[in-house]
Amino acid sequence: MNILTISGIIAFKRTLDQDSLLVIHNLTGEQKSIILTDQESEFKNILFSTGNLVKINNNKAKIELQITPYTTVILGK
């Protein structure tokens with residue numbers, strides 16, 4: 001599922017020179033499970049989160065982000 005098609009999720013990429021960040025907002029009262037696409041899978045490090053229980057599961061087949069309600073996460077490469 002494309003991250004932009006998940007109800008209640010807003011996501012965008014910010015780029016300056018060679019550096020990029022992926023910013024994801026969960027605007028719902030529910031925990032969301034987001035599977036990053038091949039394009040987004042380079043963002044594997046949680047740089048900042050407004051929630052304490054954000055997890056990133058990285059197995060070789062996919063990268064899955066568990067994002068708690070009303071949380072913002074910034075991912076870097």
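Just so it is clear, the structure is predicted and the values come from calculations on it, not from any experiment. When reading the values below, keep in mind they use all heavy atoms of this one structure, side chains included, and skip hydrogens, waters and symmetry mates.
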Taking the side chain as everything from C-beta on, heavy atoms only, tell me whether L22 gets closer than 4.5 Å to I74. no
Atom CD in E30, atom CD1 in I67: separation rounded to 0.5 Å? 13.0 Å
Nearest 0.5 Å please: distance from the OG1 atom of T71 over to the NE2 atom of H25. 11.0 Å
Is it true that, when you exclude K77 itself, more than 12 heavy atoms of the residues, nucleotides or ligands shown sit nearer than 6.0 Å to its NZ? yes
Q31 to P69 - nearest heavy-atom pair and separation: N-CG, 3.8 Å
Near E42 CD, under 6.0 Å, is it more than 12 heavy atoms from other residues, nucleotides or ligands? yes
Could you measure the distance from the OG1 atom of T28 to the OH atom of Y70? Nearest 0.5 Å is fine. 6.5 Å
Using 0.5 Å steps for rounding, measure from the CD1 atom of I34 to the CD1 atom of I63. 13.0 Å
Locate the shortest heavy-atom distance separating I9 from K32; write the atom from each residue and the value. CD1-CG, 3.8 Å
How long is the straight-line distance from OG of S33 back to CG of L65, given to the nearest 0.5 Å? 8.0 Å
Identify which one of L16, L75, T15, L47 satisfies the side chain to side chain contact (heavy atoms under 4.5 Å, CB included) criterion when paired with L21. L47
Heavy-atom count around N45 CG within 6.0 Å, excluding the residue itself: above 12? yes
State whether the side chain of D17 and the backbone N or O of D19 hold a donor-acceptor pair below 3.5 Å, judged by distance alone. no
Taken to the nearest 0.5 Å, the spacing of F43 CZ from I56 CD1 works out to 11.0 Å
Considering non-hydrogen atoms only, spot the tightest contact between S41 and D38 and give its length. OG-O, 2.8 Å
